[in-house]
Amino acid sequence: SLLQVFTNLSPTGRYTTIGPFAIILAVSAIKEAIEDYTRYQSDIETNNRLVDVLNTTSWSWEPRRWKDIKVGDFLRVKNCEYFPADLVLLCSSQPHGAAYVETSNLDGETNLKILVVM
C-alpha cells in the first residue's frame, strides 16, 4: 500500500489510501494496548497469589506471595491450585509420583499432561 502513496501510477489517490491505512493502524494499536493492559493486570493478580513455602529455619510452611519466591525455595502446591510452569516436581501424593497438570494457559490445550517426580 505504500507504493500506492508514492507512485504516480496508482489508480487511487494518496489520501484515499493513507486514510484507511492510518485507521487500521490506529485500531490495531489500541487493541494491542488493551491486550497489554489486561495481561499486566493478570500478571499482578498471579504475582500476588499465596503459596506455602518451607521456612528452613523453623521447618514450617508459611504463606508467601509468588513475587517473593526465590530460586531454591521449596513450595507445597495443593490439589487444583494454579502455579507457574517453572517448578520441579519433587514429591507427589499420587501413586508412582505422578501429577496431572493442565497447561491451557500456556498452549491452549485442555487435556491433562502427566508429570513424574524427578
**Study point:** Asn79, CG atom: more than 12 neighbouring heavy atoms under 6.0 Å
**Key:** no

Exercise for review: Starting at CG of Leu75, measure out to CD1 of Ile69 and round the result to the nearest 0.5 Å.
Suggested key: 5.0 Å

Point to revise | CZ-OG1 distance between Arg39 and Thr46, expressed to the nearest 0.5 angstrom | key: 12.5 Å

Point to revise | Donor-acceptor contact below 3.5 Å, side chain Thr38 vs main chain Ile34 | key: yes

Check your understanding: Is there a chain of hydrophobic side chains (I, L, V, M, F, W, Y, each step under 4.5 Å between heavy atoms) that links Leu90 to Trp61?
Key -> yes

**Study point:** Sidechain-backbone polar pair: Glu81 side chain, Lys78 backbone, donor-acceptor under 3.5 Å
**Key:** yes

Review point. Atom OG of Ser28 and atom CD1 of Ile23: how far apart are they, to the nearest 0.5 Å?
Key: 11.5 Å

Exercise for review: Flag yes if Phe74 and Trp59 sit in one hydrophobic cluster, no otherwise; membership is Ile, Leu, Val, Met, Phe, Trp, Tyr, and two members link when side-chain heavy atoms are under 4.5 Å apart.
Suggested key: yes

Check your understanding: Can you name the side-chain contact (heavy atoms from CB on, under 4.5 Å) partners of Ile114, sequence neighbours left out?
Key -> Ala98, Tyr100, Val116

Practice item. Please identify each residue that fulfils side chain to side chain donor-acceptor pair (under 3.5 Å) with Tyr40, with sequence neighbours left out. Key: none

Check your understanding: Under 4.5 Å between side-chain heavy atoms, hopping through other hydrophobics if needed: is there a path connecting Val77 to Val101?
Key -> yes

Review point. Taking side chain as C-beta onward, heavy atoms only, is Val51 less than 4.5 Å from Trp66?
Key: yes

Practice item. For the residue pair Val53 and Arg76, establish whether any side-chain heavy-atom pair is separated by less than 4.5 Å. Key: no

Review point. Is Ile44 linked to Tyr37 within one hydrophobic cluster, defined over Ile, Leu, Val, Met, Phe, Trp and Tyr using a side-chain heavy-atom separation of less than 4.5 Å?
Key: yes

Exercise for review: Please collect all salt bridge (charged side-chain N to carboxylate O under 4.0 Å, His left out) contacts where either partner lies in residues 65-74, sequence neighbours excluded, each pair once.
Suggested key: Arg64-Asp73

